[in-house]
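Reminder, nothing fancy here: chain letters follow the sequence lines and each chain counts from 1.
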There are 4 protein chains.
Amino acid sequence: MTSRKQEKFEMILDAAQKVIAENGFHGSQVSKIAKEAGVADGTIYLYFKKKEDILISLFEDRLGKLVDRFNSSIQETDTAEQALRKVCEIHFTELENNVDLAYVTQIELRQSSIELRKAIGLSVKPYIQLIEHIVQKGIHENSFRPELDPKLTRHLIFGAMDEVVTSWLISGRKYSLSAQVDKTVDFFLKALSS
Amino acid sequence: MTSRKQEKFEMILDAAQKVIAENGFHGSQVSKIAKEAGVADGTIYLYFKKKEDILISLFEDRLGKLVDRFNSSIQETDTAEQALRKVCEIHFTELENNVDLAYVTQIELRQSSIELRKAIGLSVKPYIQLIEHIVQKGIHENSFRPELDPKLTRHLIFGAMDEVVTSWLISGRKYSLSAQVDKTVDFFLKALSS
Amino acid sequence: MTSRKQEKFEMILDAAQKVIAENGFHGSQVSKIAKEAGVADGTIYLYFKKKEDILISLFEDRLGKLVDRFNSSIQETDTAEQALRKVCEIHFTELENNVDLAYVTQIELRQSSIELRKAIGLSVKPYIQLIEHIVQKGIHENSFRPELDPKLTRHLIFGAMDEVVTSWLISGRKYSLSAQVDKTVDFFLKALSS
Amino acid sequence: MTSRKQEKFEMILDAAQKVIAENGFHGSQVSKIAKEAGVADGTIYLYFKKKEDILISLFEDRLGKLVDRFNSSIQETDTAEQALRKVCEIHFTELENNVDLAYVTQIELRQSSIELRKAIGLSVKPYIQLIEHIVQKGIHENSFRPELDPKLTRHLIFGAMDEVVTSWLISGRKYSLSAQVDKTVDFFLKALSS
DNA sequence: CATGAATGAGCTTTCATTCAT
DNA sequence: CATGAATGAAAGCTCATTCAT
């Protein structure tokens, strides 16, 4: 019973991602998402309180899964350097391989109300903190400069990667995103290394 | 006549910035902007074809003035390093001293349709190119690493600064933004220097 | 089996009265009544054809019981005067002692569709007829004026009492309703007496 | 300009009365009223803040005009008895001659939310107070009993007349309402006279 | 008999844009 | 040039009712 509910919940999220990717944020009416999910409009409201909640859940779900992947991948690494490389690798590869998701997270979901963006911010936070931990680890390992401000640095790193992805999307994906990993990580390591 | 037209044009832009800063993007109806500007609703449409055009013009105007400041300030510098420091300094200082503008550019204007965001992208482009030129100049001066990819690097630098500003705003401006200039530029210079 | 059916029927009516008194007519969804009654939504429809039928039955049941009380009480009286006094006494006392019922009958149930109000009218009819009988009895006893029109008079009397109850409720029940019995009956007897 | 605004305001009220009389309260969508008034849906909201406001204004306007008629007619009377007769005469005649209005005020407008009914109550208050004044005048003139409670009496009189009108409507108007004036006023005067 | 998940019709309100004055 | 009254399309959400289990 719970699993059937969970199942339909996922179906609606999948439908929402597809509809948003195809029609854009403002062209994604509840009725369109319902149709794509193969349920009635009213059914949506058995699983989500408001339309916004679909988007928040969508972001939480997708980003949550990404952060899980980050965490488990990092545990296979020894140094902060390796961890940072892994993070950038997954970040770029994952979004390159899932253009719908990239479009939704980088473009569409940012066109939302301030309340929604705050909720989305909460989903991003674990990722930003993950980056901060890596920076701190690097400092402890003496591979990163001790005078680094981890709070500032995490934003510099996240912002840089985020913008690279967005500009890649807006350019029309004319080049490989994953091909930027090495240069990007080089940039970071040069900036961070002691 | 043209100057009178120009005058009213600016009045509407000023009104738009004020209204958006006060009411947020979604609370900024044409009628509200008209009222703030002291003109009738219909008058807006003598100066702008669509509502979006107000926002595009607003961004173009404000960012254009910023880029002008960047350009003239940079001409007072000798090295790419100095230029980059100047750019970051102006970027952070200007937005710290003009919170309305910061709020409008970092938060409100991003909640807009894809068409609008593309138009805004065009306004940002000269700034991104400015950063690229500085990187190229640094390479020519042999102060920056020759293997740097200027196209990628400009996004890394812009994205990093952009995210620092946004997170400063969202944090509630609890710390000084301009105080982050040195650490930020250090990060960049370490990343870039040969 | 029939008694079990009857039992659940009553449970639903009790639940309906409670829910309406607590949430008002427009806040009383079928699902809320079902929950209060401790049954599933669909179960309601095994006992009532439409939502309206719950309300009609509720009114019939409650008013039927009141009319029963009227009838048995009147049989203990000798004259039409005494009967009329008894009717007013029960009318006011009963509603004063059962504010939920008063609220539901005087305020909430009147906010209903025309069909429902007609059905409710049928429930009130026996009560109106009771009043008519008393008037006729008084005329026969020569205590009431022979020129009285019983059909008109029953409405004058019912309408007067009904409005007194409603205004007492709307006033916030700041005074005693039963304390109005004597003055009200005096008014009627003066109007009726030969 | 103000008169044009007033004119359209009245047009919408007239349309609302007609639509409600024809379709009932629940069948009277804003779009239907707008169509009947010959304006666009949105235009309604230039004159009324919410749909409910149409109904409140309708009641205020119609009842206000009635109370005006009451007041001026009463000034032509000398005694409280004459005044009371006049009130009942106008009350019954006016509604008999304007069945749409009768239907709307007695049946349809009562099926409304509690907030709306409170607002309507405010419109009825001047009328109820008018009745109270007549009662007080009668007491001063020594034609009415001094022990009468004017606050209670006004409700007895209003409630009686109100119910007579409603039952006349529900009966399908099979008899003359104005023909009930004499018997009704006789009832009141007998009840009131000293 | 009972359940409760699913349905989907239905309606108010906003606001960018127009155009007669 | 300027006005601002009028337009009307568009969409989120509720809830009575059904029916497969």
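In this entry the distance linking CD1 of B:Ile44 with P of F:dG4 reads 13 Å, nearest Å. Rounded to a whole Å, the NZ atom of A:Lys35 is 16 Å from the C1' atom of F:dA11. When rounded to the nearest whole Å, the span between CE of A:Met11 and P of E:dA5 equals 16 Å. In this entry the distance linking CZ of A:Phe9 with P of E:dA5 reads 16 Å, nearest Å. Straight-line distance from the CD1 atom of D:Ile12 to the C1' atom of F:dA6: 11 Å, rounded to whole Å. When rounded to the nearest whole Å, the span between CZ of B:Phe48 and C1' of E:dT18 equals 18 Å.
Taking the salt bridge (Lys or Arg N to Asp or Glu O under 4.0 Å) definition, one finds that D:Asp68 meets it with nothing, sequence neighbours left out. Listed by chain and residue number, B:Ile107, B:Thr166 satisfy the side-chain contact (heavy atoms from CB on, under 4.5 Å) test with B:Ile170 (two or more places apart in sequence, or in another chain). By the side-chain hydrogen bond (donor to acceptor under 3.5 Å, both in side chains) test, B:Asp162 pairs with B:Gln106, B:Arg110, sequence neighbours left out. Legend: residues meeting side-chain hydrogen bond (donor to acceptor under 3.5 Å, both in side chains) with D:Asn98, ordered by chain and number and at least two apart, are absent. Every residue two or more places apart in sequence or in another chain was checked for a ring pair (Phe, Tyr, Trp, His ring centres under 6.0 Å) with C:Tyr47, and none qualifies. In this structure, the side-chain contact (heavy atoms from CB on, under 4.5 Å) partners of C:Tyr127, at least two apart in sequence or on a different chain, are C:Val67, C:Phe70, C:Val87, C:His91, C:Leu130, C:Ile131, C:Phe158, C:Met161. Among residues two or more places apart in sequence or in another chain, the side-chain hydrogen bond (donor to acceptor under 3.5 Å, both in side chains) test is passed with A:Asp53 by none. Partners of A:Asp61 by side-chain hydrogen bond (donor to acceptor under 3.5 Å, both in side chains), not counting sequence neighbours, listed by chain and number: A:Lys65.
Listed by residue number, there are no residues of residues 13-23 of chain C with a heavy-atom contact under 4.0 Å to DNA chain F.
Place B:Tyr47 and D:Leu46 on DNA chain F by their nearest nucleotides, and B:Tyr47 ends up nearer the 5' end.
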Review item, side-chain donor-acceptor pairs of residues 31-38 of chain D, under 3.5 Å, at least two apart:
{"unit_1": "D:Lys32", "atom_1": "NZ", "unit_2": "D:Gly27", "atom_2": "O", "d": "3.0"}
{"unit_1": "D:Glu36", "atom_1": "OE2", "unit_2": "D:Lys18", "atom_2": "NZ", "d": "3.4"}

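Nearest to the side chain of B:Thr43, among F:dT7, F:dT3, E:dT3, sits F:dT3.
B:Glu108 places a side-chain N or O within 3.5 Å of a backbone atom of B:Phe25 that can act as its donor or acceptor partner.
The side chain of C:Lys8 contributes an N or O atom lying less than 4.0 Å from OP1 or OP2 of E:dA2.
No more than 12 heavy-atom neighbours from other residues, nucleotides or ligands sit within 6.0 angstrom of NZ on B:Lys50.
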Seminar exercise, completed: Under the rule of Watson-Crick or G-U wobble with both distances under 3.5 Å, where | means paired to another strand and [ ] a crossing pair, DNA chain E maps to .||||||||||||||||||||
Please produce a list of atom pairs where a protein N or O lies less than 3.5 Å from an N or O of nucleotides 9-13 of chain E.
{"unit_1": "E:dC11", "atom_1": "OP1", "unit_2": "D:Gln29", "atom_2": "NE2", "d": "2.5"}
{"unit_1": "E:dT12", "atom_1": "OP1", "unit_2": "D:Lys51", "atom_2": "NZ", "d": "2.7"}
{"unit_1": "E:dT12", "atom_1": "OP2", "unit_2": "D:Val30", "atom_2": "N", "d": "3.3"}
{"unit_1": "E:dT13", "atom_1": "OP2", "unit_2": "D:Tyr45", "atom_2": "OH", "d": "2.9"}
{"unit_1": "E:dT13", "atom_1": "OP2", "unit_2": "D:Lys51", "atom_2": "N", "d": "3.1"}

